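Structure, as structure tokens:
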Amino acid sequence: MLFSLRPDHSHDPLLDELVRKLRTYLDGELADYEHEHAVTPETPISRALLEPVWRRSRELGFYGIHLPAELGGRGLTYTQLAALKEETAASGRVLAHSVLGEMGGPLRVGDILAAATAHQLDRYFLPVVRGERACCFSLTETDAGSDVRAMRTTAVREADGGYRLTGHKVFSSAGPVADFAIVIARMDGTEKTYSAFLVDLDSPGCQVLDGATPMSGEHIESDIVLTDCRVPAANLLGGEGDGLLLGLGRVNVNRLLHCPSVLGLARRALELTLDRARTRTVGGAPLAELQSIRHKVADMATSYYAARAMTYAALAALDTGTVPRLEAFMCKLNVAETAFRILDEAVQIHGKEGLTQGHEVEFLFRKVRMFRVLTGTSEIQKNGIARLLLPKTG
């Protein structure tokens with residue numbers, strides 16, 4: 001895997017074809033769509049805005065492309081999917097998250113598809129694959145983020161086998177456009193039994209509220225408030241007690257699959273910084289002639305290459321059926337911290353423009369900073385690494 005800001009995939013003809021086609025769509029048709037609708041990172045997302053992107057991405061074969069052929073996908077490996085995720089993030093397109101189905105689509109569902117019953121596939125998940133419905137994932141609560149077992153949302157089993165859910169979930173990404181949520185709740189009367197439920201967001205007792213606006217400025221989050229919300233027995237995912245297995249199992253895979261997206265953001269920042277160094281003139285000469293700038297750029301590129309190499313090595317292991325638990329923690333930690341350092345230097349090199357709201361580098365800095373917390377803080381990753389390296393013996 002050689003260094004490149006436009007990776008070559010000629011060793012994999014299918015991936016090479018897909019990346020070329022994806023770049024054409026991102027840089028052409030999708031860019032034109034965003035310009036036509038004056039889309040910025042702070043533009044509130046809506047179904048009216050996203051549905052045309054879902055439909056067109058599906059027509060082009062990208063929406064849900066990772067899924068098996070029987071579900072309309074191409075059965076991509078994790079490595080192939082990661083390469084496409086990196087390309088979407090590196091494109092600079094605001095709506096890139098909707099091309100492969102991350103914003104409420106098949107990628108938001110993740111491996112939970114494997115736990116769905118025939119009824120759940122027909123009513124909930126196949127419409128998501130077709131771009132007709134959207135979902136969000138509701139695990140986090142105000143005092144239950146890294147410590148998910150502190151959640152207070154509870155599920156009470158009723159005599160007819162159904163359930164009533166009560167609780168308040170936060171940071172439900174894609175909530176503003178979702179039709180239903182995958183909700184993790186603690187079974188009432190238990191300490192450590194958690195279950196997963198499919199909750200229609202228009203159900204009595206369910207409210208979808210505007211979520212907090214993250215530092216990236218994106219309006220993509222919702223709070224899901226449940227007050228004695230009735231959920232039929234058929235909407236239990238897996239069995240009672242499978243909630244954390246389903247929820248955290250999804251997080252474990254996502255820990256690795258988020259890394260290529262963040263690497264794409266870092267790659268975009270590096271591209272913008274190289275252009276800045278070549279074109280910005282100071283004292284009659286380009287910034288690129290200053291040794292201090294040249295050294296910064298060298299460090300940025302080297303760090304990106306190292307983080308990318310270790311991520312794709314772990315993804316290759318995942319493709320063999322191996323579960324790289326230790327390496328996934330390491331990749332998440334290193335990619336988060338490396339990308340942040342790259343963006344910090346990118347802002348520095350852009351100077352005043354890098355500090356100005358509306359400038360792409362300024363947005364990327366805020367976006368990447370979040371990844372040191374999201375999907376498990378850097379400290380949580382270190383805990384996981386240490387736990388696997390130094391297991392307790394007592």
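These numbers were taken from a predicted model, which means no experiment stands behind them. All heavy atoms count here, side chains included; hydrogens, waters and symmetry mates do not. Nothing fancy with the numbering, it's 1 onward along the sequence.
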To check you understand the geometry: which heavy-atom pair defines the closest contact between [X] and [Y], and what is its length?
| X | Y | answer |
| --- | --- | --- |
| S261 | E102 | OG-OE2, 4.0 Å |
| G238 | L246 | N-CD1, 4.5 Å |
| A174 | G104 | CB-N, 3.5 Å |
| M151 | I184 | SD-O, 3.6 Å |
| A233 | G161 | CB-O, 3.1 Å |
| L318 | P324 | CD1-CD, 3.8 Å |

Under 3.5 Å, is there a donor on one side chain and an acceptor on the other for [X] and [Y]?
| X | Y | answer |
| --- | --- | --- |
| T322 | T320 | yes |
| T43 | T40 | yes |
| S303 | T338 | no |
| S378 | E337 | yes |
| T153 | E141 | yes |

Run the ring pair (Phe, Tyr, Trp, His ring centres under 6.0 Å) test against [X] and tell me which residues pass, sequence neighbours left out.
| X | value |
| --- | --- |
| F171 | none |
| Y78 | none |
| Y194 | none |
| H258 | none |

[Y] backbone acceptor or donor facing [X] side chain under 3.5 Å:
| X | Y | value |
| --- | --- | --- |
| T281 | G284 | no |
| H359 | V361 | yes |
| K85 | C259 | no |
| Q80 | T77 | yes |
| S195 | G243 | no |

K332 to F371, cation-pi by 6.0 Å centre distance and 45° axis angle: yes
If you count every heavy atom of other residues, nucleotides or ligands that lies below 6.0 Å from [X] atom [atom1], does the total exceed 12?
| X | atom1 | answer |
| --- | --- | --- |
| D210 | CG | no |
| L2 | CG | no |
| R164 | CZ | yes |
| Q357 | CD | no |
| Q291 | CD | no |
| Q348 | CD | no |

State which residues pass side-chain contact (heavy atoms from CB on, under 4.5 Å) with [X]; sequence neighbours excluded, sorted by chain then number.
| X | answer |
| --- | --- |
| H9 | P7, H11, L15, D16, V19, A83, R308 |
| T302 | none |
| R58 | Y63, V129, R130 |
| V323 | R325 |

Cluster check [X], [Y]: I/L/V/M/F/W/Y, side chain < 4.5 angstrom:
| X | Y | result |
| --- | --- | --- |
| L333 | V368 | no |
| L26 | L81 | yes |
| L139 | L374 | no |
| I342 | Y312 | no |
| F363 | I220 | no |

Distance (rounded to the nearest 0.5 Å) between [X] [atom1] and [Y] [atom2]:
| X | Y | atom1 | atom2 | answer |
| --- | --- | --- | --- | --- |
| I385 | Q381 | CD1 | CD | 7.0 Å |
| E87 | L18 | CD | CG | 11.0 Å |
| L263 | L270 | CG | CG | 11.5 Å |
| Y33 | L49 | OH | CG | 4.5 Å |
| E132 | R55 | CD | CZ | 10.5 Å |
| D200 | C206 | CG | SG | 8.5 Å |

List the steps and the verdict of side-chain contact (heavy atoms from CB on, under 4.5 Å) for K367 and L265. CA-CA 9 Å; K367 178 81 170 175; L265 298 176; 3.6 Å; yes
Does a side-chain heavy-atom distance below 4.5 Å link [X] with [Y]?
| X | Y | value |
| --- | --- | --- |
| L50 | H97 | yes |
| H66 | P106 | yes |
| L364 | R268 | yes |
| R152 | D143 | yes |
| E34 | L95 | yes |
| L113 | L121 | yes |
| R6 | E271 | yes |
| K21 | L60 | yes |

Go through the structure and list residues passing salt bridge (Lys or Arg N to Asp or Glu O under 4.0 Å) with D160, not counting sequence neighbours. R230
Who else is in the cluster with L209 when I, L, V, M, F, W and Y are joined by side-chain contacts under 4.5 Å? V225
Please go through Y163's hydrophobic cluster and name the other residues, only I, L, V, M, F, W, Y counting, with side-chain heavy atoms under 4.5 Å joining them. L165, V183, M187, F197, V199, L201, V208, I224, L226, V231, L236
So, are [X] and [Y] salt-bridged, with charged N and O less than 4.0 Å apart?
| X | Y | answer |
| --- | --- | --- |
| E360 | R276 | no |
| E362 | R366 | yes |
| E59 | R56 | yes |
| E240 | R157 | yes |

Give the ring-plane orientation class for F340 versus F365, where under 30° counts as parallel, over 60° as perpendicular and anything between as tilted. tilted
Write out all pairs satisfying side chain to side chain donor-acceptor pair (under 3.5 Å) with one or both partners inside residues 173-184, taking only residues at least two apart or from two chains. R47-D179, S173-E221
